[in-house]
Structures are given as C-alpha cells and as structure tokens.
Protein chains: 2
Amino acid sequence: MSELALRRNPSLVTMIFERLETMILSGQLQSGEPINERALSQQFEVSRAPIREACRRLEQAGLVTIIENRGVFVREISKQAAHETYEIAHLLSIEAAKKATENVTDDDLARLRTLALRIEADASDNDLASYYTNNDNFHVELVRLGGNSKSAEVYRALNNELTLYRQRGLRRLPDFERSLAAHRRILEALEKRDRDAYVAALEAHSSNMTDRLLNLGV
Amino acid sequence: MSELALRRNPSLVTMIFERLETMILSGQLQSGEPINERALSQQFEVSRAPIREACRRLEQAGLVTIIENRGVFVREISKQAAHETYEIAHLLSIEAAKKATENVTDDDLARLRTLALRIEADASDNDLASYYTNNDNFHVELVRLGGNSKSAEVYRALNNELTLYRQRGLRRLPDFERSLAAHRRILEALEKRDRDAYVAALEAHSSNMTDRLLNLGV
DNA sequence: ACCGTGTCGATTGTCGACAATCGGCCATTA
DNA sequence: TAATGGCCGATTGTCGACAATCGACACGGT
C-alpha cells in the first residue's frame, strides 16, 4: 500500500502528473530519458491507465515526447527552440515589468524577499535543484506583478520547457554571485518603485541569461 | 467498422484529440457543454481509454475542464481571462510584426493572399466557422513571419482559447467589411515591406478586436 | 565478414469489466 | 408544502488482460 494508493483525493492522474512534472523539472528525469509505464506502474503501485493519462498532459505541456508504440521520453529541446522560447519568456517578463512598479504591494515585496533569501541559502548549500526551483518561482512572481495572471501562467509553462534545456548544463554551476546581485538590484528597484531602474535590472539579468544559454550550445 | 477504426496510423488518441479540438473550435461543442465519454465511445466506435487520454491533452491545452467524477466540459472563459489572453496574443503579434517586413518572402505573400481570398469568400457565404478558422490561420501566419516559430505556436494556442470566449457572440456577425479592409491594409503594408504601416495596420485591427471583446461582456 | 530476414521479448495501445462517485428523484416527516 | 435523507442510475476512474508494434538479436546465405 503505497503513499500514492492511499491518497484518493485528488485523482491518481493529477498526483502522477505532478509527481512526474517534479521529477522532470528537478532533473531526476533527464532530457531524452524514457519513461517506462510498466516500471512506474510498479513503483507507484497503480495501473498503467492513470500513468498514461498523466503522460498525455505532460505531452501537451511540452515536457515529454510520446512516440507511438515506442514510448514516452522526456523531451529534448534544441538550442534554437530554447532561444525562441526564451525570447517569448523575456518579452512577457519585460512587458510585465512596465506595470510592476505601480502594482507591487508590501506583501509582494515581503514574499519576494523571502524567495530571494531562499535562493541565497540554496546557493550557499550548492543545492542546484532547489536553487532553480526558487529562482523560477521568483521570476514567475515578478511577471505576476504585471497584473496579467495568464501571462504568469504562460511564463511558467515556457520556463518549465526551458528547464529541460538548461539541465544539460547542470554540471556547470551558475554564477551565483552575479545572479544574487541581480536579484538584489531587482528587489531594490521594486522597493523604490523605480520603474526605469527595475526594467534596466531585469534587462541586465536577462542579458546574462542569454549569454549562458548561448554557451550551452549543441 | 467506422472511419476511425479503419485508420490505425496515427493513434486513436491523436485522431480523437484532433477531432474533438475541431469540434470545439468550430463551435459544434459549445463552452460549458459536457463531453460524455460513453456517448463518444459509441459514436466513434472505440473504447473509452483513448477518449480519456485525448481529453487529458485537451485539458492541458486549456480547451476543456475535467471535473473529477463529474466529467469533461468544454471550458468557459471569463471576460477577464479573455482580456488577459488577448493581451498576450497581441503582444506576440506586435513583436513579430517588428521583423515581419524584413523576413517576408514572395511565397509568404502568396500564401497570405490566398488565405485573405478565402476569408473574403467565407464572408460572402456567411460561413462563420470557416471564416474564423481561416482568419485565425491568417493571423498565425503573420506571427510566423516574425521568425520565432515557438511564438506562432503559443499564439495559436492562445487564440484557440480565445475562440471559446468569442463563440459566445457567434450569433452576432463580425463586421466583415471592416475586417476585410483591415486585412487588405495589412497585406499592402507587407507587400511594400513598410514596417511602420504594417505595425499601424495591425494595431488598428487589434483596437477593433478589443472593442468587440469588450462588447461580449458577461 | 556482412547483410538480410525472421523470431522473440518487452512495451505500448486499446479493450471491457468492476468499483466508486455524484446528482437527481422519490418518499417520508415535520 | 417544504425540507431532508436515502436510493438508484448514469457516469467516471482504474484495473488487468489481450493484441499489436517495434527493436534487438540470432541465424543463414552470399
């Protein structure tokens, strides 16, 4: 009687989807890696049907590729696809930034500061998976400040896809100091409600990210 | 032995997904309407499993809502969600426009002209479903001219979601003349490779679309 | 030694059955 | 008459089984 089998609310499909999504985004399942229904069925102690359904959702979310009669594979993202995806994410991020400084509340700032502290702790602990998760959440929250929640949702989805590309370079440590400094600049500009400084800080951070993506070439 | 049962390549899931997607986007299945697995299973002469899997994809694509133990319903989009979605689609459209006039080829123009002619025929025939389909394709092609194919893909997905909202006003005819005139202006600017005129034509068309969305209020 | 063909095993795709869930309807009580 | 509770039927969620598919490996022929 596994943990999954005990939890009957929400549905197995939802739980499996979330579990697999986490395994993919955390790097536990790597790009190109097969996802074996039978093995998962045994591991999770459920039948294959809810696993298949969860994989269909993952497929549509762009996180896996289902090859007919061959199986499910964690998706591989090409350099070009990564650039295109990043470009859209960046566009959404900058567009949200235009309204962020007028929308931001003290609660927002508190939440972002908490996140930034977590990211710094992750960097100290060299906990890369947690670092990226909290980093992603930080950026999604920034987009949410633009006041368009659909935009934050789309940004999240794009970012998830980008995680697949980025994890090819997980052996290479991020430039922690540079990123943390960028986060602090972003937060300072937000606290001052200084729109131009905020947009500039985001752009500078983004420029750094683009360089890193380029250096992950095929 | 139904048409679906004969076609074994691609998979049933893919075929059912596409079939349901078309039924939803064409208005054959309306927002809020239940999608009954058993009935579909009988209609399509397949078992429920591939239908369920297709519905999971539709769920992730934002076209249906799956309520546990209750069933699958074509998604209902609120006015606010529609606005937010439209805002992102518009942003992608304008961003693509910035590069469209330098990227566009004669083949592109020929394809777009063909589409525009189809749209005009649809308007003459009062074939609303086809009108919107071709109209959507026209706009996706415009975004594709920006050179970022992921952007076109995201735009398509957003536009599909917007279709759910827009179909609530299907009883109200579009302003054909105004739209067709706008399409012609867009095409002319593209043919001249006049970037400013092109962006202005898109903005004007978009302004008209925003007004129409507002008038579909809850 | 290399190439082509056939077979087998692992896995996937779909099927139909069973159990669980929920809403609607009916009966009873206040 | 209205409200509440219980039951039943329709539908969904998951299960396990069967058939189909594909790739790898082995064998035979050139």
Side-chain angles (χ1 to χ4, degrees), chain A residues 1-21 23-24 29-61 63-76, chain B residues 1-21 23-24 29-61 63-76:
Chain A
M1 182 60 72
S2 79
E3 166 193 345
L4 273 185
L6 275 177
R7 301 232 196 115
R8 279 303 173 128
N9 193 358
S11 70
L12 287 183
V13 178
T14 298
M15 288 189 288
I16 293 162
F17 171 80
E18 286 170 358
R19 186 80 171 273
L20 286 176
E21 186 185 50
M23 286 162 81
I24 290 167
L29 284 173
Q30 299 274 330
S31 275
E33 197 168 334
I35 294 177
N36 183 308
E37 295 175 8
R38 259 183 72 257
L40 272 193
S41 173
Q42 285 165 3
Q43 180 184 342
F44 292 166
E45 297 188 306
V46 297
S47 82
R48 289 194 295 116
I51 291 165
R52 293 182 59 82
E53 289 183 30
C55 286
R56 288 299 176 184
R57 281 185 64 188
L58 289 165
E59 174 188 24
Q60 195 66 29
L63 295 183
V64 303
T65 302
I66 300 185
I67 302 173
E68 205 171 313
N69 286 311
R70 290 277 313 284
V72 184
F73 301 84
V74 182
R75 183 169 159 220
E76 295 177 278
Chain B
M1 181 61 67
S2 78
E3 163 194 347
L4 272 186
L6 276 178
R7 302 232 195 114
R8 279 303 172 129
N9 192 358
S11 71
L12 288 183
V13 178
T14 299
M15 289 191 286
I16 293 162
F17 170 81
E18 287 170 357
R19 186 82 170 270
L20 288 176
E21 188 186 47
M23 287 163 80
I24 290 167
L29 285 173
Q30 299 274 331
S31 276
E33 198 167 333
I35 294 178
N36 183 308
E37 296 174 8
R38 260 184 71 257
L40 272 191
S41 172
Q42 286 165 4
Q43 180 184 342
F44 292 165
E45 296 188 307
V46 298
S47 82
R48 288 194 298 115
I51 291 166
R52 294 182 59 81
E53 288 182 30
C55 287
R56 288 296 177 188
R57 282 185 63 190
L58 289 165
E59 172 188 27
Q60 195 66 33
L63 296 182
V64 303
T65 301
I66 300 186
I67 302 172
E68 203 170 316
N69 286 313
R70 288 279 312 284
V72 182
F73 301 85
V74 182
R75 185 171 157 218
E76 295 179 278

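Below, chain A is the first sequence line, B the second, and so on; all start at residue 1.
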Looking at [X], I'd like to know whether one of its side-chain N or O atoms comes within less than 4.0 Å of OP1 or OP2 on [N].
X: S47(A); N: dC15(D); result: yes
X: R38(B); N: dT12(D); result: no
X: R52(A); N: dT12(C); result: no

Nearest whole angstrom, please: distance from the [atom2] of [N] to the [atom1] of [X].
X: E45(A); N: dC15(D); atom1: CD; atom2: C1'; result: 14 Å
X: E37(B); N: dC15(C); atom1: CD; atom2: P; result: 13 Å
X: L40(A); N: dT11(C); atom1: CG; atom2: P; result: 12 Å
X: N69(A); N: dC18(D); atom1: CG; atom2: P; result: 19 Å
X: F44(B); N: dC15(C); atom1: CZ; atom2: C1'; result: 17 Å
X: E53(B); N: dT14(D); atom1: CD; atom2: C1'; result: 13 Å
X: Q42(B); N: dG16(C); atom1: CD; atom2: C1'; result: 13 Å
X: R56(A); N: dT14(D); atom1: CZ; atom2: P; result: 17 Å

Within the structure provided, determine whether [X] and [Y] are in side-chain contact (heavy-atom separation under 4.5 Å).
X: R70(A); Y: F73(A); result: yes
X: R57(A); Y: T14(A); result: yes
X: L20(A); Y: L40(A); result: yes

- [ ] Check every strand shown and say whether I51(B) touches a base, only sugar-phosphate, or nothing at a heavy-atom separation below 4.0 Å.
- [x]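 Touches nothing.
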Open item on the list: When you measure only distances, ignoring hydrogens and angles, does the side chain of R48(A) come within 3.5 Å of the base of dG13(C) through a donor and an acceptor?
Closed with: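 Present.
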Would you mind telling me which of [options] lies closest to the side-chain atoms of [X]?
X: N36(B); options: dT14(D), dT11(D), dT14(C); result: dT11(D)
X: P50(B); options: dG13(C), dT14(C), dG13(D); result: dT14(C)
X: E68(A); options: dT14(D), dC15(C), dG13(C); result: dG13(C)

TODO: Any chance you could measure L63(A), atom CG, to L58(A), atom CG, to the nearest 0.5 Å?
DONE: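 Atom-to-atom, L63(A):CG and L58(A):CG are 6.0 Å apart.
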Task: Salt bridge flag under 4.0 Å for residues R56(A) and E59(A) - done: yes
Open item on the list: Let me spell it out: for each of R70(A) and R70(B), pick the nucleotide of DNA chain D with the closest heavy atom. Which residue's pick is nearer the 5' end?
Closed with: R70(B)
Task: Upstream residue (5' side of DNA chain C) when V72(A) and A49(A) are each assigned their closest nucleotide - done: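 The residue whose closest nucleotide sits nearer the 5' end is V72(A).
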